[in-house]
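Owing to the predicted nature of the structure, the values given are computational and were not obtained by experimental measurement. The sequence lines fix the lettering, A, B, ..., with proteins before strands; numbering per chain opens at 1.
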Amino acid sequence: MNYSIDIDKKWQVYWEKIGLFKVDTQDAQKQKYYCLVMFPYPSSELHVGHARNYVIGDAVARYKIMQGFGVLSPMGWDAFGLPAENQAIKRNIHPKTWTFRNIERITEQLKSWGIGYDWAREVTTCKPDYYKWTQWIFQQLYKKGLAYRKEAYANWCPSCKTVLANEQVIQGQCERCQSEVEQKKLRQWFFKITEYAEKLLSDLDLLGDWPQKVKLMQNNWIGKSKGVEIDFPIDGTKNSLRCFTTRVDTLYGATFIALSWDHPIIDELIGAHPRKEEIKCFIDKVKNQPVSARLMDNFEKEGIALDAYAVNPMNNEKIPLWIANYILTEYGTGAIMCVPAHDQRDFDFAVKYRLPIREVIRNPHAEEDSGRLTQAYPGEGIMVNSGEFNNSTSEDAKEKIADFLEKTGRGRRQFNFRLRDWLISRQRYWGAPIPMIYCEKCKEVPVPEDELPVLLPEDIEFLPTGQSPLTYVEDFLNTCCPQCQGPARRETDTMDTFVDSSWYFLRYISPHEDARPFDTATANRWLPVDQYIGGVEHAILHLMYSRFITKFFYDQKLIDFKEPFKRLFTQGMICKDGAKMSKSKGNVVSPDYIITQYGADTMRLYILFIGPPQRDAEWQDEGLMGCWRFINRVLRLLDQYREYKESEVDELNSEEQLLLKKTHATIKAVTYDLEGDFQFNTAVSKIMELVNHLYKLLDTGQLRKPIFHDVLEIIFLLLAPFTPHVSEEAHSCLGNQDSIFRKPWPEYEQKYLEEEEIEIPVLVDGKLRVRIKVHVDWQQKEVEKEALAQERVQLFLKGHPPKNIVYVNRKILNIVTK
RNA sequence: GCCGAGGUGGCGGAAUUGGCAGACGCGCCGGUCUCAAAAACCGGUGGGGGCAACUCCAUGCGGGUUCGAUUCCCGCCUUCGGCACCA
């Protein structure tokens, strides 16, 4: 038998017919297993690089089905977003048309690969029955004060005339047109994810089955740091200035304070300043500095003195205030105490502007009397020039000085986070409208719940004007205020697509529910997701947002779990010619040709065999051919079987004994590989070994038909999650009526794995010299005796008695002469 | 700069807790079949030396621990990914 696409078609229809992937979420008989792959953005047809995600997910789902779980494996579309709108502008095709065309095409592809989903649960984020609930979530957040509007600087591309998401800014440039991105102040909607910073951080500990790497990335992104907020009185005024520091032990070494260009106190300080214009000029310069300039290694630190002074609360010393271009606006208080002796940035600045540098922590490894510092010393050490704290360690001083500041009310211990609130406004068309209304009298009013969804108008002009196209749709824009019935205007911005994808895994639970986003009881039964599978590129954004929304729902008592994804697997990319597969690079491998020529299972098997799934892999067409050969080689076993001569078996001969040993060892190993970190590549190789073994045995004529049959059954059961079509075909050829996926996953029998005689490698001085056969129960003495009786061992002993003999039970014997 | 993951034949990659380095696949070489080729099948294949039995060298580099190190420790080199003036 030769493998061909007809086999694929036949079984795909069959699985559809028997509803293999249909799941009844109310069925309490089976243990549940929620297997989820990250849903795609339908921007173009899929290539083999994309396929990895779905092939892995399908292998896991099928394996779990065979283990008897009730498996939920759904699919949907992250269907709102900028690429659809760009196509609209470029080709004059409606984003909706373009999106649904792609959805249709990708669905066709997934089906032709035999990827199984419960299609009745399909979810599409750009459909009103979905985004109604995205809008509803916005309103729940709004009600709790977790959605709010404020003026903020956003990435603005002057050429595309649109705001860009942070992830669309590459090295300070627009990813589409490479224009320098500007910062533009706009009134924007935010979700207060910072409210959950602490929980998002500490609950990472609950995620034992997430890759360490992803947890570390989230940890760094949240960026919690422990320090002290200090009030510095401003000389000659009643005001004071707050600074956050993680190194309060260096407080005596603070010789100036630096402010970010938009710190609110600046206006006050320069009101009657003689150099007011000069300062304003400097502020403008910093403000307009391109984002990319800050990313440069040689970014020049610049500043301007304000001729104002703050008072160091420890020693009452007057220290000057500066504005400096390296102070971040959005972090801490936007003002820092600068300690040039112990911070390299402050050091560089102090050298440039001739500000004093005072050492307060002595480097314990520095040579005595090293003279003037040539660079900052950022480590720990012994306190100097620090009044009563001299001679204590910097670690101790940190606590003592913090105590002192808290006692005297001049400061307080504090934690700071790098995590910022989530800017969700987009001045774009193809997204879920933000369900808010602005009225002169009543100001900000949410659209009443029973009026949701706020429908996205479809008849619309797509011109890049810098405002959402919705601004020009009068029917949409003008409405009346839900509170006072007076004339009002709708919000015209739409939501970031990451909002859509932050809760889709809940919608799969009850996709047709029209009174609620999801059914709480069913969600509580089926979530958290048992296995989430996707690309590592979502390690921060999508996974952080989903965790945030889940925690919010938990607090609203909509669900009773704190984390959405119990286990996460991030697969590596498939590359070609050393680069990530992409249309623009022209190195994509199209699956369609592979499917028609070699069948879906050939592609599936190769994708699983190509290498460790969590690592990147290089696509090689020859490797694909290897899998094609293997599949046909396995199928040829069926031909041999059919023509094999009948016989009865009473007792196994030694070759059959060996074959069953190998078979059960393979069951054990493959199961172990699947249960662990999805080692599909080694699982497949072990099945190949078994097949090779079987072929060798067939040559000897020692195998009888009933044993041949049993081993064949097991081989195809083991292959079923990887090559479902071929396995199903073989299963039926072997005379089975039901689907192979209704058969239980094979279990190994210990009796076949136990052996009487084992082979022990004998080493002399760590080098393998001979192998001996010993009985498993032999003790070291007997093994030694056998080993020393070997001619080759005596040869290497050269007549000297061994100095030492190390025996590791049933593993190895090492004879030491030196 | 900081954090993380890697580095093993010509290539993709194997190697339970430290225990036979190179499984499996590709490629290559030889053979069978064929008028011939392709496909398929069978055999060989880390490097050096030797007619051979064998032998020496080999897991990025340099040390260390150990009877024994791809695996553990210390110090480097290098590739990739993330963050990047976070006070």
Side-chain angles (χ1 to χ4, degrees), chain A residues 2 211-221 223-225 227 243-247 250 254 258 260 294-297 299 301 324-328 330-339 342-346 348-349 378 416-420 536-537 539-540 572-573 605-606 609-612 614-627 629-630 632-633 636 669 672 676 679 681-692 695-696 699 759-771 792 795 802-808 810-818:
Chain A
N2 234 336
Q212 201 59 37
K213 175 185 171 182
V214 173
K215 288 195 279 184
L216 271 164
M217 281 166 76
Q218 292 216 355
N219 199 326
N220 294 340
W221 187 266
K224 182 179 181 175
S225 53
C243 298
F244 175 77
T245 181
T246 53
R247 291 299 302 269
T250 63
S260 100
R294 294 190 136 246
L295 298 170
M296 307 278 223
D297 274 346
F299 179 65
K301 288 184 178 50
N325 64 347
Y326 68 99
I327 310 304
L328 296 173
E330 317 87 353
Y331 184 77
T333 62
I336 63 168
M337 67 171 219
C338 298
V339 186
H342 303 291
D343 181 290
Q344 193 57 42
R345 295 156 299 178
D346 299 343
D348 296 342
F349 193 84
N416 240 323
F417 293 91
R418 301 169 68 161
L419 185 71
R420 313 278 154 74
V536 74
E537 65 273 18
I540 296 172
M573 282 183 317
L605 188 67
Y606 179 51
F609 185 61
I610 193 168
Q614 61 278 60
R615 290 233 287 269
D616 289 354
E618 172 75 19
W619 180 276
Q620 292 173 331
D621 288 330
E622 296 80 10
L624 180 80
M625 294 319 292
C627 289
R629 271 199 287 272
F630 172 72
N632 284 308
R633 188 169 149 82
R636 268 199 311 278
Y672 178 87
Q679 320 271 323
N681 55 328
T682 51
V684 172
S685 78
K686 282 159 195 162
I687 302 173
M688 287 171 169
E689 280 183 67
L690 176 59
V691 170
N692 291 345
Y695 261 103
K696 289 232 166 73
D699 276 351
E759 205 179 57
I760 296 289
V762 177
L763 283 62
V764 179
D765 292 328
K767 278 185 183 155
L768 175 70
R769 295 307 180 188
V770 72
R771 295 162 210 273
R792 273 184 59 73
L795 186 74
K803 283 234 169 73
N804 188 16
I805 300 183
V806 182
Y807 178 58
V808 180
R810 301 180 185 195
K811 264 202 180 139
I812 203 160
L813 184 82
N814 192 12
I815 302 169
V816 187
T817 67
K818 289 175 227 168

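A distance of about 11 Å separates the P atoms of B/C26 and B/C42, rounded to the whole Å. Separation of the C1' atoms belonging to B/U59 and B/C51 is 32 Å when rounded to the nearest angstrom. Taking atom P on both nucleotides, B/G27 is separated from B/G12 by 15 Å, rounded to a whole Å. One P atom belongs to B/G48, the other to B/A52, and the distance between them is 14 Å to the nearest Å. If you take atom P in B/G7 and the same atom in B/C61, they sit 13 Å apart, rounded to whole Å. On the P atoms, B/C11 is 14 Å away from B/G60, given to the nearest whole Å. When the C1' atom is used for both B/U71 and B/C2, the distance is 28 Å, rounded to whole Å. Spacing between B/G9 and B/U70 at atom P, rounded to whole Å, works out to 14 Å.
Between the base of B/U16 and the side chain of A/K811 there is no donor-acceptor pair shorter than 3.5 Å.
Going from atom CE of A/M688 over to atom P of B/A14 covers 14 Å, rounded to whole Å. With rounding to whole Å, A/Q344 atom CD is found 14 Å from B/A87 atom C1'. A/E759 places its CD atom 9 Å from the C1' atom of B/C20, with the value rounded to the nearest Å. If you take CD of A/Q679 and C1' of B/A15, they are 12 Å apart, rounded to a whole angstrom. Rounded to an integer number of Å, the gap from CG of A/L419 to C1' of B/C83 is 14 Å. As a whole-Å value, the separation of A/I760 CD1 from B/C67 P is 21 Å. Between A/D621 atom CG and B/G12 atom P there is a gap of 16 Å when expressed in whole angstrom units. Atom CD1 of A/I610 and atom C1' of B/C24 are 14 Å apart (whole Å).
B/G75 has its base anti relative to the sugar, with a glycosidic angle deviating from 0 by more than 90°.
Geometric assessment of A/K301 against the ring of A/F349 yields a negative cation-pi assignment under the 6.0 Å and 45° thresholds.
The residue A/N632 sits apart from the nucleic acid: no heavy atom pair falls under 4.0 Å. Counting any heavy atom pair closer than 4.0 Å across all strands shown, A/G626 reaches sugar-phosphate atoms only and no base atom. Residue contacts for A/D343: at a heavy-atom cut-off of 4.0 Å it reaches no nucleic acid atom on any strand shown. Within the 4.0 angstrom heavy-atom criterion, only backbone atoms of the sugar-phosphate kind lie near A/D616; the bases stay farther away. Here A/Q620 lies in heavy-atom contact (under 4.0 Å) with sugar-phosphate atoms only. Looking at heavy-atom distances under 4.0 Å, A/K696 makes contact with sugar-phosphate atoms alone, never a base. A/N692 comes within contact range of the sugar-phosphate backbone alone, with a heavy-atom separation under 4.0 Å but no base atom that close. Using a 4.0 Å heavy-atom distance criterion, A/L328 is classed as a base contact. If you check every strand for non-hydrogen atoms under 4.0 Å, A/I805 touches nothing.
Each of B/G19, B/C3, B/A87 was ranked by its minimum atom distance to the side chain of A/N220; first place goes to B/C3. Checked against B/A87, B/G25, B/C20, the side chain of A/F609 finds its nearest nucleotide in B/G25. Looking at the side chain of A/S685, the nearest of the listed nucleotides B/C3, B/A87, B/A23 is B/A23. Ranking B/C41, B/A14, B/G4 by closeness to the A/R629 side chain, first place goes to B/C41. In this structure, of B/C67, B/G19, B/A84, it is B/G19 that holds the atom nearest to the side chain of A/I812. Looking at the side chain of A/R615, the nearest of the listed nucleotides B/A14, B/C20, B/G25 is B/A14. Listed nucleotides: B/A87, B/G82, B/C24. Nearest to the side chain of A/I540: B/G82.
Judged purely by atom type and a 3.5 angstrom limit, A/N632 has no side-chain atom pairing as donor or acceptor with the backbone of A/N2. Although no hydrogens or angles enter the test, the distance criterion places no donor-acceptor pair under 3.5 Å between the side chain of A/N681 and the main chain of A/I610. Of the possible polar contacts, none joining the A/Q679 side chain to the A/P612 backbone as a donor-acceptor pair under 3.5 Å is found.
Across all strands shown, B/G68 has no partner, as no Watson-Crick or G-U wobble contact with both distances under 3.5 Å is found. Nucleotide B/C26 forms a pair with B/G10, judged by Watson-Crick or G-U wobble geometry with both contacts under 3.5 Å. Shown here, B/C51 forms no base pair; nothing in the strands shown gives a Watson-Crick or G-U wobble contact with both key distances under 3.5 Å. Searching all strands for a Watson-Crick or G-U wobble partner of B/G46 with both distances below 3.5 Å returns B/C57. In this entry B/U32 has B/A40 as its Watson-Crick or G-U wobble partner, both defining distances falling under 3.5 Å. With both pairing distances under 3.5 Å, B/A5 is matched to B/U79 as a Watson-Crick or G-U wobble pair.
Atom CZ of A/F417 sits in a crowded spot, with more than 12 heavy atoms from other residues, nucleotides or ligands closer than 6.0 Å.
A sub-4.0 Å separation between OP1 or OP2 of B/A40 and a side-chain N or O of A/N2 is absent. Applying the 4.0 Å criterion to OP1 and OP2 of B/C54, one finds that A/R769 has every side-chain N and O outside that range. Phosphate contact (OP1/OP2 of B/G25, side-chain N/O of A/R633, threshold under 4.0 Å): absent. For the pair A/S225 and B/A87, the criterion of a side-chain N or O lying under 4.0 Å from OP1 or OP2 is met. Residue A/N681 places at least one side-chain N or O closer than 4.0 Å to OP1 or OP2 of B/A14. Within the 4.0 Å cut-off from OP1 or OP2 of B/A39, not a single side-chain nitrogen or oxygen of A/R636 is found.
Judged purely by distance below 3.5 Å, without hydrogens or angles, the side chains of A/D621 and A/Y606 never pair a donor atom with an acceptor atom. For A/N692 and A/R633, the side-chain atoms include at least one donor-acceptor pair closer than 3.5 Å.
When each of A/T333 and A/W221 is assigned the nucleotide of RNA chain B bearing its nearest heavy atom, the one mapping closer to the 5' terminus is A/W221. Take the nearest nucleotide of RNA chain B for A/T682 and for A/N416: the residue whose nucleotide is more 5' is A/T682.
Note: A/R418 CZ to A/L328 CG = 9.0 Å, rounded to the nearest 0.5 Å.
Contact of the A/D343 side chain with the A/T250 side chain is not registered, since no non-hydrogen atoms from C-beta on lie closer than 4.5 Å. The closest side-chain heavy-atom distance from A/E330 to A/R420 is below 4.5 Å.
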